[in-house]
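What follows is a single structure, written as structure tokens, with notes after it.
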Amino acid sequence: WAFCLSRNKDSGPFSCQRYTSVPGSPYNISTDNKGVLKAVLHGAYSFNNQTNDAFLFKPSAIEKAERQLVKGFKYILEVDLSRTVCLKKRHKEADLANCKFQPDGLLQQTFHCDFEVWTMPWLRFMKTTYFVCSPSD
């Protein structure tokens with residue numbers, strides 16, 4: 001669709017701005033965006049709470065990020081989560097930044113995940129509404 005303006009009848013042809021997406025639809029956003037990084041961590045916490053693994057996992061790569069304006073924001077994310085050396089029993093989720101990844105070897109493992117995280121920042125609300133993960137090759 002296009003949005004067109006004309007300053008006046010003597011200014012010549014219309015000035016148009018073409019949009020490639022429909023308003024309200026998801027759009028690409030930088031993987032370095034602060035909101036994306038918070039949503040990715042929230043997705044990782046959800047993953048860790050759902051697995052029986054003895055170790056915590058944390059993001060090792062953000063492959064793709066989209067944001068959609070809903071009642072707040074919905075982040076649609078493709079993320080790789082890798083196993084850390086931190087045991088779940090001994091570390092809190094907040095310590096995830098201090099956990100190093102497993103070295104090469106039998107315990108090293110990575111999952112490729114699709115997350116959807118809904119947030120209303122003005123209410124300090126964040127919820128992972130969808131995630132599916134599969135082992136990376």
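- Legend: residues meeting salt bridge (charged side-chain N to carboxylate O under 4.0 Å, His left out) with Asp53, ordered by chain and number and at least two apart, are Arg83.
- Looking at Asn33, its side chain never comes within 3.5 Å of a backbone N or O of Ile29 through a donor-acceptor pair.
- Annotation: the span from Asp114 atom CG to Lys64 atom NZ amounts to 9.5 Å, rounded to 0.5 Å.
- Here the side chains of Val79 and Ser60 are not in contact, with every heavy-atom distance at 4.5 Å or above.
- For Arg67, there are no salt bridge (charged side-chain N to carboxylate O under 4.0 Å, His left out) partners, not counting sequence neighbours.
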Can Thr119 and Lys74 be said to form a side-chain hydrogen bond (donor to acceptor under 3.5 Å, both in side chains), step by step? CA-CA 6 Å; Thr119 181; Lys74 178 167 74 170; over 6 Å; no
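- In this structure, Phe73 is not a member of the same hydrophobic cluster as Trp118, with clusters built from ILVMFWY side-chain heavy atoms closer than 4.5 Å.
- Val36 and Ser30 get closest at one heavy-atom pair: CG2-O, 3.6 Å.
- With values rounded to the nearest 0.5 angstrom, Ile62 atom CD1 is found 11.5 Å from Tyr75 atom OH.
- Side-chain polar atoms of Ser136 and Thr110 form no donor-acceptor pair below 3.5 angstrom.
- A distance of 10.5 Å separates CD in Gln109 from CG in Leu81, rounded to the nearest 0.5 Å.
- Annotation: the span from Cys133 atom SG to Asp80 atom CG amounts to 9.5 Å, rounded to 0.5 Å.
- Residues Gln102 and Thr84 come closest through the heavy atom pair NE2-O, 2.9 Å.
- Hydrophobic side-chain contacts under 4.5 Å tie Ile76 to no other Ile, Leu, Val, Met, Phe, Trp or Tyr residue.
- Counting all heavy atoms, side chain and backbone alike, Pro103 lies closest to Val85 at CD-CG1, 4.1 Å.
- Nearest heavy-atom pair, Asp32 versus Leu37, reported as atom, atom and distance to 0.1 Å: O-CD1, 3.7 Å.
- Here the closest non-hydrogen pair linking Gly72 and Leu69 is O-CD1, 3.4 Å.
- Sorted by first then second residue, the salt bridge (Lys or Arg N to Asp or Glu O under 4.0 Å) pairs that include residues 54-63, not counting sequence neighbours, number zero.
- Here the NZ atom belonging to Lys89 is positioned 11.0 Å from the CZ atom belonging to Phe55, to the nearest 0.5 angstrom.
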What side-chain donor-acceptor pairs closer than 3.5 Å can you find for residues 123-132, not counting sequence neighbours?
| from | atom 1 | to | atom 2 | distance (Å) |
| --- | --- | --- | --- | --- |
| Thr128 | OG1 | His42 | ND1 | 2.9 |
| Thr128 | OG1 | Ser46 | OG | 2.8 |
| Thr129 | OG1 | Glu116 | O | 3.3 |

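- Remark: Phe101 CZ to Leu107 CG distance equals 15.0 Å, nearest 0.5 Å.
- With sequence neighbours left out, the ring-ring contact (aromatic ring centres under 6.0 Å, His included) criterion links Phe47 to Phe57, Phe111.
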